[in-house]
Amino acid sequence: MRYSAMRVLLEGLTGNRGWKPVWRDPEPKPQYDVVIVGGGGHGLATAYYLAKQFGQQNIAVLEKGWIGSGNVGRNTTIIRSNYLLPGNEPFYEFSLKLWEGLEQDFNYNAMVSQRSILNLIHSDPQRDAFARRANAMLLAGADAELVDAAQLRRELPFLDFDNARFPIRGGLFQRRGGTVRHDAVAWGYARGADSLGVDIIQNCEVTGFNIDNGICRGVETTRGNIRAGKTAVCVAGSSSRVMALAGMRLPIESHVLQAFVTEGLKPLLPGVITFGAGHFYVSQSDKGGLVFGGDIDGYNSYAQRGNLPVVEDVCEGGMAIMPMIGRARLLRSWGGIMDMSMDGSPFIDKTHIDGLYFNGGWCYGGFKATPASGYCYAHLLAKDTPHPTATEYRLDRFARGHLIDEKGQGAQPNLH
Amino acid sequence: MIINHPLLGPRDAAEFVYLGDASLIDRPDWQDPLAAEKFHDYLYLRDNPVGNHRELWYHEQGDRSWLVVTRNTLTHEIIKVELATDVARKRGRSR
Amino acid sequence: MSKSVSEPASEYRLHPMPFLGGYDQVFSGLSLREAVGLAIVSIALPRGNPAGPALEKAFGTALPEVGKSANAANDKYRLLRLGSEQVFVLFEHATADAESEIAALIGGAAYTTDQTDSWVALSVQGARVRAVLARICPLDLHGGVFAIGNVARTSMEHLGTIILRTDEDQFLLLSASSSAQSFLHALETSIRYTA
Amino acid sequence: MSQPHRINGGLTDRTQALHFTFNGKAMQGYAGDTLASALLANGQRLVGRSFKYHRPRGIFSAGSEEPNALVELRRDAHCEPNTRATVAELFDGLEARSQNHRGSLEFDLMAATDLLSPFLSAGFYYKTFMWPKAFWEKFYEPIIRASAGLGRLSGQSDPDFYDKGFLHCDLLVIGAGPAGLAAALAAGRSGARVVLADEDFVLGGRLNAETMQIGGQMGSAWAAAAGGELAAMGNVRLMPRTTVYGAYDHGIFGALERRTDHLADTTGAPRQILWRVYARRSILAAGATERPIAFANNDRPGVMLAGAVRTYANRFGVTPGRRVAVFTNNDDGWRTATDLAGKGVEITAIIDTRKIRPLASIPGVVIMTGAHVTGTAGRKGIKAITLNTGQRIPADCLAVSGGWNPNVHLTCHQRGRPVWDNDISAFVPGGDLPPGMTVAGAANGTLTLAAALKEGHATANAALKSLGFTPSRSQAPVAEDEPRTLEAFWHVRAGRGRAWLDFQNDVTVKDVKLAHQEGFRSVEHLKRYTTLGMATDQGRTANIPALAIMAECTGKTIAETGTTIFRPPYTPVPIGALAGRARGKDFRPYRLTPSHKWASENGATFVETGNWLRAQWFARPGEKGWRDSVDREVRMTRASVGICDVTTLGKIDIQGRDAAEFLNRIYANGFAKLAVGKVRYGLMLREDGIAYDDGTTAHLAENHYVMTTTTANAVLVFRRLEFARQCLWPDLDVHLISATDGWAQFAVAGPNARALLAKLVDAPFDISNEAFPFMACASLSVCGGTPARLFRISFSGELAYEIAVPARFGDAMIRALMAAGKEFDAIPYGTEALGVMRIEKGHAAGNELNGQTTALNLGLGRMVSKKKDCIGNVLSERAELNRPDAVRLVGFKPVDRAESLAAGAHFINRGDPADMDHDQGWMSSVAFSPMLGHSIGLGFISRGHERMGEIVRAVDPIRKREVEVEITSPHFFDPEGERLRV
């Protein structure tokens, strides 16, 4: 069923009785060419691109709960490609370009809103680092704009320019950055994949891998054994747990990241704003809530909830740069489990087990990567070679010493 | 969270800094023939279980002791707190 | 060593300045005062070489447990046990040679460092002292939990602080000397907000 | 009469009239009113507009569950949007305005959207607005944004103050209704430390809203007496106006205390206080929330929760209507009718969905059982209801009761999932409560008074026992249990028009059915697709009826359907309160250098360096900009002598028999054989082989060293050293203590540095080049007896010393240095000049030691010893860290010396395209060198050390600049280092 304004009108006139399920609810088949483990944004996008771009026919996505129940359903909805390192920037720029055409591509309005993202600059060394990054972005074909405090004051007069503990000295804009309605990304990819024949199987938890002589032949699930030509794991915060079923240890720790939304407010913030001297970033959703977040709680956790010190720290950062939000009320907080890697960058790679592939380590940057992650993973699954923008996301990079450490924090996952 | 410090009693976890898997105590021997591989595993492949996890916390806003805390990563329940120095010695570390 | 015998002559004599200029204020039901002239010397207890007996002899008292303090036999020194290997000695001493006094006293049984200038010391006293501190101090200061003589190191308003209960309604607070103004501001704000 | 709906009775103080305005209209209420009760008293039924369809909305509830009556309070910067009128305490002079309408509240132009509702069903926006592509951001989205949102923030800084605090108790009792009061009394009498918190400003909870008796007293009077007894106990802290909003790990609760929200004058005192409550045990006694029944046009002003109608009559002496009808599926609804009738309010009908014998008979009242309300009439307030019989009954208020939902929220903030209780048709707390928490009273599904009181008492006693207290001998208060039967009934199928579930977000029964039809059947999908329960009330009155309808659609039970997850906060908490004092300059503490006062007296401009404020430069009269000052500071330092406060560098005092061995393992270069009286430069790696920090360490005495770190890493290095000493080598005898703040340290640099210092160093100490050569250190005294440490080290490349005195002498020391330096034209220099001089000397600093560079990259590869065990040397040998084409730190000069360089530029070989594939490296630090007279830079470029003299392009597209640069040695000035050894 094609979605359009006309369709909405017609359905409205006939009592909205004609709308069909956005995805089917099929029983799992005994065998698929590709089984994707994890019905989050990345898994669904992988299925979609495998079917659409790489002509694969017989694909299943297995989800232990409901699709989109992981980080694609609990994040701060930001998209951007403001990275520094050659291993990252082309990939994220590829992702941003996919976002730009996504809705027309999968015929679902995910509300991709290129409202801009701003990183505030508070010191000279920070400006130097942002200039280096901005140049890297431009050299990779992305957009970037370095502005001074005077221009910022004209654009965002509500920031604290006069009394801030860490004065605002400028900022790095990426005007093409912005936000996307996060749940709709999962639903749009699910709808697109489903319409291309992909079986999306909810409430189907993978409990083991059938590994035979170093070859992965499929998965065991709560809904029976499923054979697979290729098994593609894509489970974010559950990466370590799931890959342990295949006997693998990963350079990943699972951490909780909290995010927050306020009560609805009339339009206030034009884009995404990131505090450069504290832990705070914020945007305003189409519904009017200020959606914001900050640092991860900092300890290994699978609990999908965090604690007060980080809540306070984030709100302190918010008040430090925009004291107008003091009377906005925090409505809801939530926690997602982040697959924090040892250098802050992800993996899209084959494993040492034939037929078993791994995608993970997205830290808290997975949402914006969704399209490219799906596309590049599909590329790897279909062709057994990495996509040109994802050649460095290898599992053996630490052994080789090829670090992709944007923040320069070293093997300390909670600092990335 | 509250960490029941073996010497000081219960303290808010906000006084502490988290490092990670307590296996970071087990730093390999630099002269081991497989030192490169062992250091790689030591630094990069850490335990990340759902359930009980032995992990290092540093009481930075306190007595500056490093602790080994056994904590459930699903419930956050803390099962055991030890001084890391004691643990290190028990694991054969000395000079 | 008191001000003594053979100080070299100099046309540039240096005069000490208290970190808060000798702050001393009385509020309703509360007083807040910079403890000027309080020397602080840290003692680190050597590993594998117990210093306990020597220190007990030097101070005439056993080392307190971690989290407790004790007065030396002569009442001059107050020993704060901050960690298993760390003791702070507090005593009235105006000149900048406190460390050598303690080093001499303990005769090399442990390592000493002069900490006097690392800390600003504020004494806060009054009926509402706990209400004031409850705004910034995460510790439970109820008398049944944190008794007179108890000492703890914690964080208040992002500043590391050592808190010693010196009386039912009196505490001595030590915080980093470089941020003394911010620490004072935190206390003054608490006093204002609980007025 | 100014308050037409005011009736007799209630707890408001009729002697204290309070004046307020709503949408500019002057009104009056009494002390003890909420804004909602006062609005009702004044006959104001229409108070707001819904989120999506802009439907007229009236007051629906009498508590924090309110979905409709959201208003803006106060004005200008004090404006507080989205405030529930039902919990806003009335004060004299209160200004309130309705929100979310264009034009007046009565004639909202946006109400036209209601006519389009067939096209605006759940999730319609996912299916349209895609073409043309550019229209989403430019056209559709701005319209959606402007019509969505609710209240308006002023856009000005919040003018109020907020504070935080810490509370510790044995028992936290959450909720001061009957169960909570009974629990607090039992606990208080036992001597335990108790905190009793309630979101209301009066203790008693439903006791104030009902007419029930306890021990022969009116419930409200008993509650007041109980409050009095508790207030007199020294071990009990009563906290009205305090919402415990979150249950965090290990018995830590977040609680928001509202201090001035009920006052006209809020100046001076903190508006709200955010408490972190550390409770050994907790009792949740948060009561229950009534839920409605869905039927056509059930959203009109005047349709209210039946319990709320009782609250207004009994507690506030206000009747929400002149002719009140009741629609219920349980006994509770009948109480509304009898209570109001008892106060002389006309009851027009009682409609019970159950086929039961009437529970009351009131003269003149239509009583129908087994019947339903199928519709309402009245656009901006109901006038009549229609029944399934077709009968039309006049009513200006319809009191609806669909039963009560226990407020289980806090039981679910950790892992708890509530369980379905068929007896009360509601979710009650499950088994997996936060550790230490028990639940009592209505929150536990114990919905009758006597049982709630007993449960509160017993639960407290059990908690006390588990803590080792002996419970007091007091008994639970005595009362009678009221009848409480119920038959689940969720929505009326008959009737024309939409039936609302989520009043604020405009989610109707149809939307739930559509979600089901489209496959959004998981409760989380339902919520996300329809926005059910995502409004400011979090669906407190909406969620369960909606789940019930979804369960009907799927043919599952409600228990199988499950609930969405309750997450903190229970009710919304202002960001200002969560931030507390941390705003403006108070965001983080300041660290001041010992010369701060002197520097501010002498024209310093300061810069934030972490938490430190450092002098950046010292402007002199006539200087036109910072460059003039910095150039002068560099030139005068290099010409004679300059002084810089370097106290901010981390200083770690290291002692112990094994200190040398320890340092040897910490630093990549050798430290085992550093002689007493000597200083050595050291490079620290991370275990992964990346350069981490650098600095000098001085060997002051046997077993005694003092290490310096960079300013930024002082705390981090200390932490790592403690890790090494405690976790890696626990038997090395080595001890650390920070000495950063203890010593005021000044760099004295320049050809006359020695001459200057010689005037201050006390005899007989000899600082001649022979006696005290480069890299010497000593403890000595200065200025006639002040103890000091002297280090002959140089960051500027000049003959230089660092002199340290106890911090209390820092101010005196800078004055002495300047006085003694007068004859040499000594000048102070700031961090800018420091930076220029270090770039002239090619020293790496933060821009180079950025956590991504190796010793090899920095040109310090040879410092990394392979002959000893030290942190980082094993992994520093990994292949890709040692690639032949790795970047190297070198110097850069503009080919055209008049050009200035820019940090952050990337290097591209001549002739190559400027893109990422041809990126050769980057410029990390630049400065104008007053000594060389042109711009210089340090940067990393592939194979840089082999490319001296080569010319490459420094491209800087972000600033639209490109400069050709020559690769040079990073040692621009005095490359042989002759000046520092003289």
Side-chain angles (χ1 to χ4, degrees), chain A residues 3 5 8 12 16 19 21-23 66 86 103-104 108-109 113 125 128 131-132 134-135 138-140 144 146 158 163 165-166 183-184 263-268 286-288 307-308 312 315-316 318-320 323-334 400-402 405 408-411, chain D residues 80 82 118-119 121 124 126-130 137 144-145 148-150 152-153 155-158 248-249 254 514 517-519 522 524-525 528 536 567-568 572-576 578-579 582-585 587-588 608 686 688 846-847 850-852 878-881 903-904 906 915-916 922 957-958:
Chain A
Y3 286 165
V8 168
N16 287 307
W19 299 113
V22 177
W23 57 87
W66 39 280
E103 295 157 301
Q104 290 70 30
Y108 201 79
N109 183 3
S113 179
D128 295 345
R132 179 187 167 203
N135 282 327
L138 293 174
L139 293 180
L146 210 53
F158 51 80
N163 193 39
R165 172 69 179 79
F166 298 102
D183 288 318
E263 297 176 339
L265 297 161
K266 291 295 178 198
L268 195 68
D286 284 342
K287 284 190 67 195
N307 278 295
L308 260 180
E312 296 178 32
C315 292
E316 289 176 6
M319 285 300 281
M324 71 164 172
I325 62 174
R327 302 177 98 79
R329 296 191 197 91
L330 171 69
L331 175 64
R332 202 164 58 243
S333 64
W334 61 94
R400 289 184 285 119
H402 189 90
D405 187 351
Q409 294 289 3
Chain D
E80 189 196 336
N82 301 337
F119 314 109
S121 60
F124 77 96
Y126 298 126
K127 299 167 181 164
T128 181
F129 303 139
M130 284 174 274
E137 277 146 14
I144 289 176
R145 282 182 170 253
L150 289 163
R152 213 173 293 277
L153 273 187
Q156 301 174 51
S157 289
D158 186 343
Y248 296 91
D249 278 317
L514 179 63
Q517 180 185 327
E518 297 195 89
S522 144
E524 285 285 349
H525 280 153
R528 289 151 189 265
T536 63
R567 297 180 180 281
V573 178
I575 292 175
L578 288 162
R583 47 187 294 197
K585 302 283 191 219
F587 172 56
R588 290 292 180 264
E608 295 76 11
R686 294 193 308 232
D688 67 357
N847 281 13
N850 67 352
Q852 297 168 327
R878 285 179 289 174
E880 299 219 15
L881 296 175
H906 288 236
D915 61 28
M916 201 163 234
W922 73 98
I958 193 67

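Convention: sequence-line order gives letters A, B, ...; per-chain numbering from 1.
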Within the structure provided, determine whether [X] and [Y] are in side-chain contact (heavy-atom separation under 4.5 Å).
| X | Y | value |
| --- | --- | --- |
| D/Pro574 | A/Arg327 | no |
| D/Asp158 | A/Pro323 | no |
| D/Arg878 | A/His402 | no |
| D/Phe587 | A/Phe166 | yes |

Determine the option with the most heavy-atom pairs under 4.5 angstrom with chain D, choosing from A/Ala411, A/Gly288, A/Ala328, A/Ala140.
->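 Between A/Ala411, A/Gly288, A/Ala328, A/Ala140, the count favours A/Ala328.
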Please classify the contact of [X] with chain A as side chain, backbone, both or neither, using a heavy-atom distance under 4.5 Å.
| X | result |
| --- | --- |
| D/Leu514 | side chain |
| D/Ser522 | side chain |
| D/Asn847 | side chain |

Flag the one option from D/Glu608, D/Arg686, D/Arg145, D/Glu880 with the top tally of heavy-atom pairs under 4.5 Å to chain A.
->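 The residue among D/Glu608, D/Arg686, D/Arg145, D/Glu880 with the greatest pair count is D/Arg145.
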Indicate yes or no for a side-chain donor-acceptor contact from [X] to the backbone of [Y] under 3.5 Å, with no hydrogens or angles considered.
| X | Y | answer |
| --- | --- | --- |
| D/Asn850 | A/Gly408 | no |
| A/Asp405 | D/Gln852 | no |
| A/Arg165 | D/Arg588 | yes |
| A/Arg329 | D/Asn82 | yes |
| A/Asp286 | D/Ile144 | no |

Name all residues meeting the side-chain contact (heavy atoms from CB on, under 4.5 Å) criterion together with A/Asp183; count only those two or more places apart in sequence or in a different chain, and write none if there are none.
->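 side-chain contact (heavy atoms from CB on, under 4.5 Å) list for A/Asp183, sorted by chain: A/Arg181, A/Trp187, D/Arg528.
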side-chain contact (heavy atoms from CB on, under 4.5 Å) partners for A/Ala144, two or more places apart =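 side-chain contact (heavy atoms from CB on, under 4.5 Å) list for A/Ala144, sorted by chain: A/Ala134, A/Met137, A/Leu138, A/Leu172, D/Ile958.
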Name the region of A/Gln409, side chain, backbone, both or neither, that has any atom closer than 4.5 Å to a heavy atom of chain D.
->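 It is the backbone, since no side chain atom gets that close.
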A/Leu265 versus chain D, heavy atoms under 4.5 Å apart: side chain, backbone, both or neither?
->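 It is both, since atoms from each part get that close.
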So D/His525 and A/Trp66, would you call those rings parallel, tilted or perpendicular, with 30° and 60° as cut-offs?
->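 Perpendicular: the ring planes of D/His525 and A/Trp66 meet at over 60°.
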